[in-house]
Amino acid sequence: MPAVSDEAMERMLSYNWPGNVSELKGVVRSSLSQVEGDRLESHHLPMLAEESTPASIPDGTATSARLQDVIEQHVLRVLKGCGGNKVRAAEMLGISRSTLYRMLDASASTILQ
């Protein structure tokens with residue numbers, strides 16, 4: 001799986017994602033089909049509008065991030081925006097509650113390792 005450049009990460013994190021996780025998955029699939037090397041770059045994401053709502057990126061971001069990390073950050077940002085309400089977050093993400101729980105469990109197990 002290709003790494004994600006800082007510029008591409010910033011672009012994905014700053015995008016509003018009106019289609020939620022379904023849109024994110026589609027964009028990632030489409031973008032990955034264009035990658036010829038080992039890194040997803042910003043130019044692989046032409047379908048994202050340049051003028052997106054800014055989102056904060058933690059200081060000290062590595063030069064690249066795993067795709068899974070981008071998805072986890074988005075899910076956690078939505079969950080935080082819902083005040084921790086998992087049912088509401090799952091609805092906003094367009095996924096089932098059980099899928100959200102699995103994603104959160106996977107995220108927590110990565111942190112604990």
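Computed from heavy atoms alone, side chains included, the values below leave out hydrogens, waters and symmetry copies.
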Taking atom types as modelled, is there a side-chain donor on Ser42 or Arg11 under 3.5 Å from an acceptor on the other? yes
Minimum heavy-atom separation for Ala89 and Leu100, please, with both atom names. CB-CD2, 4.1 Å
Can you list the steps and then say if Leu79 with Arg88 is a side chain to side chain contact (heavy atoms under 4.5 Å, CB included)? CA-CA 8 Å; Leu79 183 60; Arg88 175 102 170 97; over 6 Å; no
Applying side chain to side chain contact (heavy atoms under 4.5 Å, CB included), run through Val28 and Val70 and close with a yes or a no. CA-CA 10 Å; Val28 170; Val70 175; over 6 Å; no
Would you kindly confirm whether Leu76 and Ile95 end up in one hydrophobic cluster when ILVMFWY residues are joined by side chain heavy atoms under 4.5 Å apart? yes
Output all residues satisfying side chain to side chain donor-acceptor pair (under 3.5 Å) with Arg102, sequence neighbours left out; order by chain, then residue number. Thr99
Measure across Leu40 and Ser31 and return the closest heavy-atom pair with its distance rounded to 0.1 Å. CD1-CB, 3.6 Å
Connected via hydrophobic side-chain network under 4.5 Å: Met12 and Leu32: yes
Run Asp6 and Glu10 through side chain to side chain contact (heavy atoms under 4.5 Å, CB included) and show every step you take. CA-CA 6 Å; Asp6 283 343; Glu10 183 175 341; over 6 Å; no
Residue pair Met9 / Gln73: nearest heavy atoms and the distance that separates them: SD-OE1, 4.1 Å
Within the structure provided, determine whether Val35 and Arg39 are in side-chain contact (heavy-atom separation under 4.5 Å). no
As an exercise, state the distance from NE2 of His74 to CG of Leu13, rounded to the nearest 0.5 Å. 9.5 Å
Is there a side chain to side chain contact (heavy atoms under 4.5 Å, CB included) between Leu104 and Lys86 once you walk through the steps? CA-CA 10 Å; Leu104 294 172; Lys86 293 178 180 129; 3.8 Å; yes
Considering all heavy atoms of both residues, which atom of Glu41 and which atom of Ala8 are nearest to each other, and what is their separation? C-CB, 3.6 Å
Going from CG on Leu93 to SG on Cys82, what distance comes out if it is rounded to the nearest 0.5 angstrom? 7.5 Å
